[in-house]
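Reviewing the structure listed below.
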Amino acid sequence: MQNQEFTTVIKPKNKLFEVDFKEIWNYRDLLSMFVKRDIITQYKQTILGPVWFFVQPALTTIMYMVVFGGIAKISTDGLPQPLFYLAGIVLWQYFSDCLNKTSSTFVSNQHIFGKVYFPRLIVPLSTITSNLVRLFIQFLLFVAVYIYYIIIGTDITPNIYMLLFPLLIIMIAGLSLGFGIIVSSMTTKYRDLTILFTFFVQLWMYATPVIYPLSTMSEKYQWIIALNPLTSIFETFKYGMLGVGTFDWGQLLYSFVFMIVTLMIGVVIFNKVQRSFMDTV
């Protein structure tokens, strides 16, 4: 029998905490294809198409202005309500979209995973990447409103901390990826968690300074909100872009470390589950 040379050799992972970045890079074309699929299919058969990227945050902002700004009279730190709410909505929608989609990685893609091999992390990574396009488009809406209020003379004082914006996006992406793959791994066996997690994400928004500034919270409870790793990210963004809110390097470092730990735990659980998830999904 002649010796055969194989171009690709698939081996089981021996270590739980292992990410084969070289293998992911080799499958970058597949990653690109998934990203294009996510972007195109989302609004392919809709009338407005990509315009929904602008319509959704705009309608959400109007609703917040009526409910939280008009009825509840929640402070916006002296800023125009549309600008304040958009600053939180743009970041939150990116986080929630990434989190909700990555949390169903195994269940939603079981028909693909059961037929062909490729690095499973490609799927959640494509979700994180494709949503960056949506984030960029919605950020343009925020910038347009931002420029409008500057032109009409609104007191907005951006500062050097606005340069932290790329880092903040990386932290949001890391947190959503980490939490998402943890939940995705758990829902392969416990489907009830999907319903519970959807409800949890909705509550999570109210524990994050999206519709209110941290400064409006009683000092007695501020430390509780500060435990939320998203709090310092949202507050830093508003502080850098709008000149309001709170900024603390220690809190930002806490969120960054929290992201790293969450990703590490997520990778360990993800690698463990992907070995046998087809038997339980």
Side-chain angles (χ1 to χ4, degrees), residues 34-72 74 76 79-105 108 123-149 165-166 168-177 179-180 183 194-195 197-213 228 230-231 233-235 237-238 241-242:
F34 278 139
V35 170
K36 292 178 181 178
R37 179 202 64 178
D38 292 342
I39 296 173
I40 294 173
T41 59
Q42 187 170 12
Y43 298 109
K44 187 176 182 180
Q45 293 181 318
T46 60
I47 297 175
L48 296 179
V51 177
W52 279 111
F53 287 137
F54 294 102
V55 173
Q56 287 178 330
L59 292 179
T60 304
T61 299
I62 294 173
M63 183 189 71
Y64 286 178
M65 290 171 61
V66 173
V67 177
F68 301 110
I71 299 176
I74 296 177
T76 57
L79 289 173
Q81 292 180 1
L83 191 60
F84 181 85
Y85 291 136
L86 265 178
I89 290 171
V90 168
L91 295 186
W92 177 257
Q93 286 197 344
Y94 176 65
F95 174 75
S96 63
D97 286 346
C98 291
L99 184 57
N100 286 322
K101 291 179 181 178
T102 55
S103 65
S104 61
T105 296
S108 300
V123 175
L125 285 174
S126 69
T127 299
I128 299 297
T129 306
S130 62
N131 276 309
L132 280 174
V133 177
R134 177 175 180 171
L135 170 67
F136 175 74
I137 295 175
Q138 293 183 345
F139 183 72
L140 291 180
L141 175 62
F142 169 76
V143 170
V145 175
Y146 187 86
I147 293 175
Y148 166 76
Y149 279 108
F165 179 66
L168 301 180
I169 298 303
I170 292 174
M171 292 171 65
I172 292 176
L175 285 169
S176 58
L177 178 62
F179 280 113
V183 175
T194 304
I195 301 174
F197 185 68
T198 302
F199 178 66
F200 173 75
V201 172
Q202 293 175 349
L203 291 180
W204 196 345
M205 189 193 78
Y206 295 103
T208 305
V210 176
I211 57 176
Y212 58 85
N228 177 0
L230 291 176
T231 296
I233 298 176
F234 279 69
E235 285 292 299
F237 176 71
K238 291 177 181 177
M241 294 294 297
L242 307 175

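Owing to the predicted nature of the structure, the values given are computational and were not obtained by experimental measurement.
Interatomic distance, S96 OG to N131 CG, rounded to the nearest 0.5 Å: 8.5 Å. Distance CZ/F95 to CD1/I128: 9.5 Å, rounded to 0.5 Å. Residue L132 holds its CG atom at 7.5 Å from CD1 of I169, rounded to the nearest 0.5 Å. Here the NZ-OG1 distance, from K101 to T127, works out to 7.0 Å after rounding to the nearest 0.5 Å.
The closest side-chain heavy-atom distance from L242 to F237 is not below 4.5 Å. Contact check for L168 versus L91: no side-chain heavy atoms found under the 4.5 Å cut-off. Residues V183 and L99 fail the side-chain proximity criterion, which asks for heavy atoms closer than 4.5 Å. Side chains of V35 and L125 form no contact here, defined as non-hydrogen atoms less than 4.5 Å apart.
Checked by atom type and distance alone, the side chain of K238 pairs as donor or acceptor with a backbone atom of P209 at under 3.5 Å. Under a 3.5 Å cut-off, the side chain of Y146 and the backbone N or O of L140 do not form any donor-acceptor pair.
Closest heavy-atom contact between P57 and Q138: CD-NE2, 3.6 Å. For the residue pair L177 and P124, the shortest heavy atom distance occurs at CD1-CB, 3.6 Å. Between A207 and Y212, the shortest heavy-atom distance links the atoms C-OH, 3.6 Å. Pairing each heavy atom of A58 with each of L141, the nearest pair is N-CD2, 4.4 Å. When every heavy atom of T102 is checked against every heavy atom of S176, the shortest pair comes out as OG1-O, 3.5 Å.
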For residues 81-90, please give each side-chain donor-acceptor pair under 3.5 Å, one per line with the distance, not counting sequence neighbours.
| from | atom 1 | to | atom 2 | distance (Å) |
| --- | --- | --- | --- | --- |
| Y85 | OH | G69 | N | 3.3 |

**Message:** Before you tell me yes or no, could you show the steps for Q56 and Q93 under side-chain hydrogen bond (donor to acceptor under 3.5 Å, both in side chains), namely the whole-Å CA-CA distance, both residues' side-chain angles and the distance that decides it to 0.1 Å?
**Reply:** CA-CA 10 Å; Q56 287 178 330; Q93 286 197 344; 5.3 Å; no
**Item:** Stepwise side chain to side chain contact (heavy atoms under 4.5 Å, CB included) check, L79 with Y149
**Value:** CA-CA 10 Å; L79 289 173; Y149 279 108; over 6 Å; no
**Request:** Evaluate the side chain to side chain contact (heavy atoms under 4.5 Å, CB included) criterion for residues I211 and V67: first the C-alpha distance (whole Å), next the side-chain angles of each, then the deciding distance (0.1 Å), finally the verdict.
**Result:** CA-CA 10 Å; I211 57 176; V67 177; over 6 Å; no
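Residues meeting the side-chain contact (heavy atoms from CB on, under 4.5 Å) test with I147, sequence neighbours left out: V143, I151. Considering only residues two or more places apart in sequence or on other chains, T208 meets the side-chain contact (heavy atoms from CB on, under 4.5 Å) condition with W92, W204, V210, N228, L230, F234.
Ring-centre distance between F179 and F200: not below the 6.0 Å cut-off.
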